[in-house]
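This report refers to the structure that appears directly beneath it.
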There are 2 protein chains.
Amino acid sequence: MCPAPLRETVPATTPAASLVFTTVLSHGPLTRADVARRTRLSPAAVTKAVRPLMEVGYLVEDLDAGARPAIGRPANLVRVDGGRALFIGLKVTGDEIIAVLTDLCCRIRVARHVPLTGREPSAVLPVLLAMVQELLVEAEGFGVRVSGLGIAVSGDVDRVDGVVRYSPFLDWRDVPLADVAGTATGLPITVDNDVRALTVAEQWFGAGVGLSDFALVTVGAGIGCGLVVNGRVVSGAHGVAGEIGHLSIDPLGPLCHCGNQGCVEVIASDPAILREVRAATGRPLATAAEALELARGGDPLAREVYARAGAAIGRAIGSVVNVLGPERVIISGEGLAAYDLFAEDIRTAFATSAFGTAAQCDLTTRPLPFEEWARGAAATAIQSFIGPHTPQD
Amino acid sequence: MCPAPLRETVPATTPAASLVFTTVLSHGPLTRADVARRTRLSPAAVTKAVRPLMEVGYLVEDLDAGARPAIGRPANLVRVDGGRALFIGLKVTGDEIIAVLTDLCCRIRVARHVPLTGREPSAVLPVLLAMVQELLVEAEGFGVRVSGLGIAVSGDVDRVDGVVRYSPFLDWRDVPLADVAGTATGLPITVDNDVRALTVAEQWFGAGVGLSDFALVTVGAGIGCGLVVNGRVVSGAHGVAGEIGHLSIDPLGPLCHCGNQGCVEVIASDPAILREVRAATGRPLATAAEALELARGGDPLAREVYARAGAAIGRAIGSVVNVLGPERVIISGEGLAAYDLFAEDIRTAFATSAFGTAAQCDLTTRPLPFEEWARGAAATAIQSFIGPHTPQD
DNA sequence: CTTTTTTCATTGACAGTGGAAAAGAACCAC
DNA sequence: GTGGTTCTTTTCCACTGTCAATGAAAAAAG
C-alpha cells in the first residue's frame, strides 16, 4: 500500500539534531559532553539527538578510547560515519567537467574529468549526465547509495531555485539546472556558484571550521572571493558577492574588459600574468606554466610581474579585510602554484593596506588541486542533505 | 515580601513575540494578518504574541480604520505605542556630547549637546552623567520612565561587554563604560560603536527597514561604513568592520596618517577637502564651511577638489558593493552638506567601478542632523530593551 | 433583506522540542 | 571498598507555536 520512500530520510529532523550533526561533522570525533558545550545544548538534548542518528548509522561510536579525561567516567567519542552515504560533486568549467565522488565527510573517493566540446547547455548536459551515471556505477562498488548531487558553476547562480541565471564564462542564461539534472537522475540536486561552493567546503571541512567570519580568495584564471559573515555564506542581495576581481588597484594600470583600469584581475590572474611576462620579456610564451618557469629560473623581468601580481592580490585582500574584519583569509586557487613567487608580496601589500585591528587577520594558504572545485560542489550537496536547519556558526 | 521589580520587564519574552514586536515597530501599523504573513508565523501565534504586549501597553490598536480590504472582515491595525517608554541616546565626540531623549519608536523628543573640556574619561564621564540626569528630569515631564541608555563612541567598542576597547579619537583604552554608567544611573546600558549604532537606527527605523543587505556610508570628519549582511549588523571577528576610510583609491594621492597614499579619508573627509581647497586656491580658509562656500560660488579649483572627493567616495562605495552585493547604500554624514557638489561624481564613479549585477544597487542619500548620531545610540538601547531574540531580518 | 463569500481574528487542543533534575555508569585515588 | 569526578541517560515537564474549528464583520449576490 504505502510506497517505499524514494529517498533516504535526511539525518537531522530538528534544529538541535542538525546542530549536533554538523558539529560532529566539522569538529571530528567528539564526546557528547563536548558537543553539548559547543552547541550550548543540554547534555540530555545531545543524547536525544544522537540516538536516532546512530540508529540509522550516520553517527557511530568511536571506540578509539583516545581522549579520556584524567578523572571521572571515560567519555565515548561520537563521529560521523563517512561511509554511510556518498555524494557526487561536479564543477562545470568552460572546457571540462570535473567530478568527484565523496563520502559524507566530504573525503574524495573517486575523481574524474572529461573535456567538453561545446559550452551550450545542449552540449554540456549530456556529458554531465553521463558523468553522473559513471559515478553512480562507481558508487555501487561501495555498496552505498548516492544521496545527493552538487553542481558548481561560475557566475550568477540561484541556489534556492537551482537556476544558473547568468554565467559569462559558459554564456548560459537562466538554465534550470537543478530541474534538468533532477529529473534525469532522480537525485536531490544542489546548484551553486563555484566560489561559494568552495567556501562551504572550507567552512564545514577545511580551514574555516569554527570561524564565524572568514574569506576565501581564489587566484587563477580569475580572482574570486567567497565570504562567511556571522557564520553564514554571503550571497548578496542580487545573488552575487565577493567580486574582488574588479576592485581597481592601480588607476593607471592595464585596461580591463570591465572598462576600468588596473583591476586585480587584469594584473594578477593567470592570463594577465602570462600577458605581462610576455610583454616584459618579449618571449613568445604559450602558457602560464612557461611564464612561471621563466620566473622561477630567475628572470628579473618576469619576477617583477609576479611581484606586481602579488601586491595587487595583497591589496585586494586588504580591502576585503578592512571592510569585513574577518578572522582569517584563506588564499587558494590554481594560481597558487606560483605562490612562492608572490607570497612575500601578498603579505607586505596586505600588511600595509590593512588598517588597525584588521591586520590581526590571519592569512592562510591552501593548495587547490583541480578536484577541489568539484569537492566544493559535493559539500553543498552534503549541506542540502543534512537539511534546512543550517546553524549559523 | 516580594520586592518590586527593579525594571520594567522587556516586552518580548519568546522568539515569536520578539519577531512580532520588531516587525510592528519597523513596519508601522500592521494588521495581525499582515504580521503573520511577514513573519511566516501562524495567525494564532500572532494573536497570542500581541495580547500580552497590548496588556502592558507596548502595542495598541490603531483605530484609524485606514487600510481595510475591499472585501471581508475589516482588519484591525496594531502599532507600537511610542510614548510607552523613553530612551536616552548619547554620542561622545572629541569635543562634545550629543544627547537625545527618544520614544520607543526612536522619535526624538528632546535633543541637547554640551561641549567637553577634556577627552580623558575622568573629564568626559561627569559631563556624560550630568547630561543623563538632565534628560531624566526632562523625561519626568512625559510621565514615562526611561527604559534604557545607549552610548555611541567611535573606535573599537565591545558591545557585549560594554567596553570601549580603543578609541583613537578620544584616546580611550579599555574603558568599561557600561559598568560605570550602569552603576551611576541604574539604567540598562548599551555601548556600541557610533557607525554601527547609526546602522542599527537605519535598519530598524530608517532606509534599511526590510533589507537584509545594505551599507551605510558616513561622510564627514572621517569616512565610515556600517554593514548589514543577512539581516545582521557586521561587527567583524575582532570587533571592527566597515573601515573604508583607508581603502586606497589613488596610489599616487596624498600621504595618509595610516602610512598609505590616497586613502579615501585623505581625499574626501572634511579636513582633507579643506586642506586641498586651501592648497589649490591658496586662500587661508579656516573651516570646511568656507571651502564649501567657495566651491558653491563657482571657484573651479575648489569644485575640482570636491569632484575628486566625490569620485573617491564613489569608488569606495563601488568596492563595498562589489564585495558584498548589498541591496542599497545609504550615504549620510555631516559632509552631505556638500552633497550637491559631488553627488554626480559619486554616482559616476560608483557606476564605473561597480561590476555586473552590483550596479543594480540603489544609492540613497539621507541628511544627517547632528542629533542623528545620538539617535543611533538610542536605537541600540531600544534593541537591547526588546531583548536578546533579535531576529535576522 | 437574507444568504453567501471573503478575510480577519480567536480559541482550545495538541504535538513536539529541549531543559531540569536525578539517577546511573565508569573510572581514579585513597 | 569508599568517595570523588565526570560522562551519559532517563524521566518528567514547561513551553512554544501550529492546526483546525469557530466566531466576527463586512461586501457581494441572490
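The analysis underlying the following values was restricted to heavy atoms, covering all of them including side chains, and did not include hydrogens, waters or symmetry mates. Residue numbering restarts at 1 for every chain, and letters A, B, ... go by the order of the sequence lines. All values derive from a computational prediction rather than experimental measurement.
- Annotation: side chain to side chain donor-acceptor pair (under 3.5 Å) contacts of A:Arg328 (sequence neighbours excluded): A:Asp362, A:Thr364.
- For B:Arg73, the listed nucleotide lying nearest its side chain is D:dA24; candidates were D:dC7, D:dA26, D:dA24.
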**Message:** For nucleotides 11-20 of chain C, give me one character per nucleotide, 5' to 3': B if any protein heavy atom sits under 4.0 Å from the base, S if the only such contacts are to the sugar-phosphate, - if neither.
**Reply:** BBB---SBBB
**Check against side chain to side chain contact (heavy atoms under 4.5 Å, CB included), B:Leu30 and B:Val78** = CA-CA 5 Å; B:Leu30 286 176; B:Val78 174; 5.9 Å; no
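- Across the protein-nucleic acid pair, B:Glu61 atom CD and D:dA25 atom C1' stand 14 Å apart, rounded to whole Å.
- The CD-P distance, from B:Glu55 to C:dT10, rounds to 12 Å in whole Å.
- Applying the salt bridge (charged side-chain N to carboxylate O under 4.0 Å, His left out) test to pairs two or more places apart or on separate chains, those with a residue in residues 34-54 of chain B are B:Asp34-B:Arg37.
- Rounded to whole Å, the distance from CG on A:Asn76 to P on C:dA26 is 9 Å.
- With sequence neighbours left out, A:Arg366 forms a side chain to side chain donor-acceptor pair (under 3.5 Å) with A:Glu202.
- For B:Asp158, the side chain to side chain donor-acceptor pair (under 3.5 Å) partners are B:Arg165, not counting sequence neighbours.
- Nucleotide C:dC8 holds its C1' atom 12 Å from the CG atom of B:Leu77, rounded to whole Å.
- In terms of the side chain to side chain donor-acceptor pair (under 3.5 Å) criterion, residue partners of B:Thr190 (sequence neighbours excluded) are, by chain and number, B:Ser384.
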